[in-house]
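Notes for the one structure printed next.
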Amino acid sequence: MGLISWAQINIPPPREACGPSKPIGPRKRVPLRPCTTCNRRIVRLVGFSLSLFHSPSLSAFLHRPPFPDAAHHRSLTSSSPSPWIWVAAMDPLESEVDSRKSNNKPRYSKFTQQELPACKPLLTPGIVISAFLLIGVIFVPIGLASLSASQEIVELVDRYDANCVPASDKVEFIQNSDTDKTCTRTLTVPKHMKSPIQIYYQIGDFYQNHRRYVKSRSDKQLRYKNAVHLTKDCDPEGNTIDGAPIVPCGLIAWSMFNDTYTISVNKKAINVNKKDIAWKSDKTSKFGSDIYPSNFQKGSLIGGAKLNESIPLSEQEDLIVWMRTAALPTFRKLYGRIETDIMANDQVTVVIQNNYNTYSFGGSKALVLSTTSWIGGKNSFIGVAYLTIGGLCIFLAVGFVVLLYMVKPSSSCCFCLIFYEFTDP
Amino acid sequence: MKRFVYINDESYQNDYCDNRISNTKYTLLNFLPKNLWEQFRRFMNQYFLLIACLQLWSLITPVNPASTWGPLIFIFAVSATKEAWDDYNRYISDKQANEKEVWIVKNGTRKHIQAQDIRVGNIVWIRENEEVPCDLVLIGTSDSQGICHVETAALDGEIDLKTRVIPSTCVGLDCEQLHKIKGVIECPNPDKDIRRLDANIRLFPPFIDNDICPLTISNTLLQSCYLRNTEWACGVAVYTGNETKLGMSRGVPEPKLTAMDAMIDKLTGAIFLFQIAVVLVLGSAGNVWKDTEARKQWYVKYDDDEPWYQICVIPLRFELLCSIMIPISIKVSLDFVKSLYAKFIDWDEEMYDHETDTPAHAANTAISEDLGQVEYILTDKTGTLTENKMIFRRCCIGGTFYGNESGDALRDVELLNAVANSSPHVIKFLTVMTLCNTVIPIKSSSGAILYKAQSQDEDALVNAASNLHMVLVNKNGNNAEIHFNGRVVQYEILDILEFTSDRKRMSVVVLDCESGKIFLLSKGADEAIIPCAYSGQRIKTFVDAVDKYAQLGLRTLCLGWRELETEEYLEWSRSFKEANSALVDREWKVAEVCQKLEHSLEILGVSAIEDRLQVGVPETIEILRQSGINFWMLTGDKQSTAIQIALLCNLISSEPKGQLLYINGRTEDEVVRSLERVLLTMRITTSEPKELAFVVDGCALEIILSRYNEAFTELAVLSKTAICCRVTPSQKAQLVKLLKSCDYRTLAIGDGGNDVRMIQQADIGVGISGREGLQAARAADYSIGKFRFLKRLILVHGRYSYNRTAFLSQYSFYKSFFSFLSGIAGTSLFNSVSLMAYNVFYTSIPVLTTVLDKDLSEKTVMQNPEILLYCQAGRLLNPSTFAGWFGRSLYHALVVFLITIHAYANEKSEMEELSMVALSGSICLQAFVVTLEMNSLTFVQFLAIWGNFMAFYIINFFISSIPSAGMYTIMFRLCRQLTYWVTLLLISGVGMGPVLALKYFRYTYKPSAINILQKAERSFGPMYTLVNLESQLRSDMENTNISFSTTPVKNKASVYEPLLSDSPISSRRTLAASSFDIFQPAQSRNTSSYPRNIKAN
């Protein structure tokens, strides 16, 4: 059925009908009844309702132009109890014929005729050259900013895995629980390091993203007290031999990093803050505060660190950090923070308990001290990449301009050109 | 191999099938297996099934099996439901036909039974205007002469009435006897030849003797014909159900696969092989690595004793990982966009036919893009190219031309005045028009008079005469009643000198009942009538008139008249009767006798009848031929008529530019010789810019197709245009098959039941929902109201569909490759949920809006139809473009992966964060790629592409706020980091810069034809010159046109033959080449300038 537009109905509703005193009546369906004088149908609408839509036969004739002699119907309005009356000329036969004549005709709309207004971008030299210029102009400053931010960061990296093992058979040394694994490293700070100074441990060639490894955990167990037994995913570190669930279960927790660092600056021991090194969201929502480690590292094979069974998991920040698996084989994880500045040329002495076995698989271990900026740790990649791309874009833009003058594009519109591709073998 | 049909013998049990017609493809039982089998014939589906099965093994699956099974089952269910629905509709229409009530004779009385219960041997009674339910051998009719008329339109598309006669042994049997008749019919096993039946009938005593009487096709009533002009007829069922001539020629429609689908399948196959290689190499490498290196990694804690199947775990995992290279989403999105293409066709206002109130309809939603790759169009003539309406247009009476100004003699005031004034010449002319024919007037219930004519020309003449107030009211036996200007005139028709194709004229001898005078009225082809003029008559005006009308493409007839002396007539009449009863050489003898009477005629004038082409046919054919499509015209009609129409609608050109080669002959030798000759000519002239076309008729084609297939195939490849006349429906289908076997995309268009097989056989079938019913339209993939919509269907819808699908499918592969490559690099960079979301959601929705993409405006395409060659040659989707997309995906994968791992190295390399950075980088890149590849951006596309990008963030923000989700808080953390945004910008810049630069380079320095047109279209300057060029070309053509039409025409093609003539000799007179000069089609010179086989790309 057709649409009713207000514009098509000529008689405006009497103003007083819309007054606030008149409550809007319920939508009522009003039967059609012919006018006694002109035999046209009269529609009475109660309230400001679209009861028109309720009588489908009406919508058809409201399409028709307004009739000329509606004056005599006005009299009806006054006597009628309803707020206003609409009268419309009606010739049902004719309107039916109209609709039958082309009832299969598809409805016109811009969408169905695929005529939606469209912007048709064209790769003209002007647009392309200015696009490249624009990219260049944006990229170079960003590159400079990130490069300078990266340069400001002071970073000390000390790889100690080789030097901290005196024995020739490194694997045997590290697996022997009786050997003394203490190792002392001394570093010189090249530049003033502003607090907070982050302490990371960096492990190389350790595949935390190994499929078997990364799946071996139970998030439910870590979070909910009543889910302690959910260790199905944790194989082969799910349950102890006698079937008791390990908390926290899984290979990830089992292989937790267990080297420790004691740091002193200029022979003066300083405090390493190990609070708040994990994500806050992990502590509150991923690890339960009422879940305590149990049966952990009790098997025949001991993987890595042991956990204090009196501290709930949500406070075991080293574990939480470790459980955030790294995507790449070389990764750094936060060990702690130093909250005092370290001056240039200060001697930093680190006493390392070298417990963690990276020697079996030939991995590396390093200690990293680093300040921070908006870009995170020291990383000149972004800056260099931006500068390169920015430079290249400007170069391309200039090159395009030059090329445009040297080689005329073949686009001069020649009709036969259209076919050269087909005639070309 | 014969079958013996015992007439009306219930005791004889035969095991022939009953008359149940079945067009359905499935039964209730075999639906599921058959449908699945059909769906699994596509390699892609097999592949997905394999992957889905592998995913059921939880040890190896990286994702939830539901992510593959869900879409797979959905896809299969949708297409199975559609098939089922179609088949159900077929079943319903079959059921209607099967349950129709028919009369048959049982136990000596007539009984009503359902059509499906007819058995071979039953006697079936049919009343006027009823459909024949099965193939019958006629044994009785209401006519005393044993004649009945049938309309065979549904069978062969010829809408004129055909005469059928009862076999001689059955002549004179009355109803009672027909109920009791017994006998045997010996007929061959069912075949599909609708022009031939070699059978015998022998009636058993007591009916006459038991002589064998031969039966031919003219003794039959074939299924789906209609009985006309005959009160009743009865016949013996010889073939029933699906064994009838119609049923045998009805092929089972094969599911159609588009060229693009085939290409995608091929690519899928190639990728699958590649995957196997990857799986073997990486799988074994993985196993080796695991046994050597991974065992050292104590934190992974491999067991020492593993079950045997562990060895195939790693390869299978790789296979599953690889499986995302072939996107399952491609099937979903292709199905979606294809159904939208179909909807666009349904919705198209410009393909809506006001006259018949029919919109275009795409019944097959799967093959739109094939429309853009059509290389051959095989078209029916009658009703497809022509309107199938003969209209009397002009005449020349006694030297005066009527209808020259208005083009319609019936509205010419002069003629109307002449009629009103009873000008003697005009009255004579009208009398001949009214009486010299075999038309039967039928009074309808409302009082209007309808004419039943065997020939459309006669119909046109009688109708024209009645419009000029000379109305043939009644023809009762030999008495004809004519109303003229309110006066009633009675004539007695004494003799009819029938039309034969040798005589090319017909005459009647009538007696004016009022004056008692006897007249000979003749009409015929000009060369048959004008020589018979009485000596002394000035015939020059008539010759001129014929020339002039022939140039206009009108069918001319000359009308003549002579008053006979009674003695002369009586004498002649005797010899005529004698000749008619001759047993030897009857035809020749009759012709000779007729010759004796038909002389010294007074030539009254020339009439010109138009067999009107549909509106816009020549233009449509011209545009489509410009776009590199070859036309073949396949018609059941006569050669001369077919050639005439071909000339009119620009299909063939006249002599200087084109040449028509004939393949004909009655014997095998003749046919072979002419085939070889034509082939030789073709080979020689391929280098010349001459348009060659060949004409072949049904008999020759039969011989050629059965024995000389190879030579004909070569001919088909060489020839751009062909006219095949008098071909049967199955020959049409054979021709389509032949072209398909040469790897051409074919489109068949037709309007009648005789085109159904061709339509089903072709890659694309188009039906015209026309005068001959809806059979063709129902069987077709597309139905349109008029032939002229074909150009829009192909050039606009077909081309857009092809372009869009090409982009969509390649893009789908690109993004899957991309996700695979960036995924494999980081072993499992993306988690399964985001991977699935990436595939089915983030990257699929933007690209779906490609359905709105238009590279060129419709107007530009119509002005430069040559651009369709791009699609035909498969320029937008082929291995090389595919390789381009593959290279791009490789590059983009590298960009995303390298930048992400370097920017998020060391302390930032947390898995969830890193994968989210990579994912957002990818999605950002995809959005740019789609935007760049779109040729026109509407707000819908813009919204879908960038709104989708926003939706990605919104959804991820939402997921990030769910504590139990793996990526809790990740998105919030990232968005707070400046590094994240900087990385994103870097990825987009590095990813898009080179793509943009390359595109620009190609665009500016090596533009494709599409690019040039785009430029022309969007910058107004060059567009102007282009239009200029166009108009210049056009005016050139017009000039040549004029010069051609002024050249004198020697041999005009006036055609007068009633369409019903059982002698196939027809006029195989060689249309002298010069006759092609009429209507020199404005051929574009482009068509011949490029080689036809652009396939090698």
Side-chain angles (χ1 to χ4, degrees), chain A residues 102 104-106 108 112-114 116-123 125 128 131 135 139 142 146 200 207 209-213 236 251 255 281 285 303 324-328 331-332 357 360-361 374-377 379 381-382 385-386 389 393 396 407 409-411 413 415 417-419 421-423, chain B residues 296-301 344 346-349 352 357-359 826-828 852 854 866 869 901-903 905-911 914-915 935-938 940 963 968-969 978-979 982 986 989-990 993 996-997 999-1000 1003-1005 1007-1009 1012 1014-1016 1018 1022 1025-1026 1029 1090 1094:
Chain A
S102 52
N104 286 329
K105 190 182 166 132
Y108 176 85
T112 57
Q113 302 306 311
Q114 308 190 57
L116 287 173
C119 118
K120 299 184 172 179
L122 209 58
L123 293 181
V128 174
I135 297 175
F139 271 42
I142 296 179
S146 9
Y200 301 103
Y207 289 88
N209 56 6
H210 194 288
R211 196 185 138 86
R212 190 176 156 90
Y213 183 81
L251 287 172
S255 61
S281 61
S285 318
R324 276 271 154 208
T325 47
L328 303 173
F331 56 88
R332 290 173 184 180
N357 178 11
S360 320
F361 52 90
W374 63 267
I375 202 168
N379 188 348
F381 170 79
I382 290 180
Y386 262 97
I389 299 301
C393 283
L396 269 179
V407 190
S410 55
S411 66
C413 195
F415 195 71
L417 250 181
I418 297 172
F419 306 104
E421 282 200 31
F422 301 118
T423 44
Chain B
K296 292 184 195 155
Q297 287 167 347
W298 54 269
Y299 53 88
V300 182
K301 225 179 170 183
F344 278 137
D346 291 358
W347 286 333
D348 196 332
E349 244 190 348
Y352 166 75
D357 186 31
T358 40
T827 52
S828 59
L852 295 172
K854 295 165 89 170
E866 297 84 3
L869 281 171
I901 64 164
H902 280 106
N906 297 335
E907 78 280 357
K908 290 199 211 101
S909 90
E910 199 278 318
M911 202 175 260
L914 194 101
S915 85
N935 292 297
S936 65
L937 275 171
T938 64
V940 179
Y968 179 53
T969 69
L978 205 53
T979 339
V982 168
L986 187 64
V990 178
L996 185 69
K999 205 171 149 92
Y1000 165 76
Y1003 195 83
T1004 316
Y1005 295 102
S1008 69
I1012 293 175
Q1014 275 174 339
K1015 254 182 248 181
R1018 284 162 214 182
T1025 52
L1026 214 142
L1029 259 164
Y1090 38 76
I1094 3 141

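So that the names make sense, note that chain A is the first sequence line, chain B the second, and so on, each numbered from 1. In this text the structure is predicted, and so the values were computed from the model without any measurement.
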- Item | Option in A/Ile135, A/Ile389, A/Asn379, A/Thr325 with maximal non-hydrogen atom pairs under 4.5 Å from chain B | A/Thr325
- Engaged part of B/Asp348 at the chain A interface, taking heavy atoms whose separation is under 4.5 Å: both
- Given a strict heavy-atom distance threshold of 4.5 Å, which part of A/Leu116 is in contact with chain B: side chain, backbone, both, or neither? both
- Option in B/Asp346, B/Val982, B/Val990 with maximal non-hydrogen atom pairs under 4.5 Å from chain A: B/Val982
- Would you mind checking which part of B/Leu852 comes under 4.5 Å of any heavy atom in chain A, side chain (CB onward), backbone (N, CA, C, O), both or neither? side chain
- Task: Any chance you could measure B/His902, atom NE2, to A/Leu328, atom CG, to the nearest 0.5 Å?
- Result: 9.5 Å
- Specify the closest pair of heavy atoms between B/Tyr968 and A/Ser285, including all atoms of both residues, with the distance to one decimal. CE2-OG, 3.2 Å
- Message: Tell me whether B/Lys854 contacts the main-chain N or O of A/Gln114 through its side chain, where contact means a donor paired with an acceptor under 3.5 Å.
- Response: yes
- Search all heavy atoms of A/Thr112 against all heavy atoms of B/Phe344 and return the closest pair with its distance. O-CD2, 3.5 Å
- Query: Quick one: what part of A/Tyr207 sits under 4.5 Å from any heavy atom of chain B, side chain, backbone, both or neither?
  - Reply: both
- Message: Which atoms of B/Ser909 are under 4.5 Å from chain A, going by heavy atoms: the side chain, the backbone, both sets, or neither?
- Response: both
- Query: Of all heavy-atom pairs between A/Ala327 and B/Met911, which one has the smallest distance, and what is that distance?
  - Reply: CB-CA, 3.8 Å
- Item | Residue among A/Ser360, A/Cys119, A/Ser146, A/Pro117 with most heavy-atom pairs under 4.5 Å to chain B | A/Cys119
- Examine whether an atom of A/Phe331 lies under 4.5 Å from a heavy atom of chain B, and if so say whether it belongs to the side chain, the backbone or both; otherwise answer neither. both
- Taking B/Tyr1000 for the side chain and A/Leu123 for the main chain, is one N or O donor matched with an acceptor at less than 3.5 Å? no
- Message: Given heavy-atom pairs under 4.5 angstrom as the criterion, report whether the side chain, backbone, both or neither of A/Phe381 touches chain B.
- Response: side chain
- Is there side-chain contact between A/Lys105 and B/Glu349, with at least one heavy-atom pair below 4.5 Å? yes
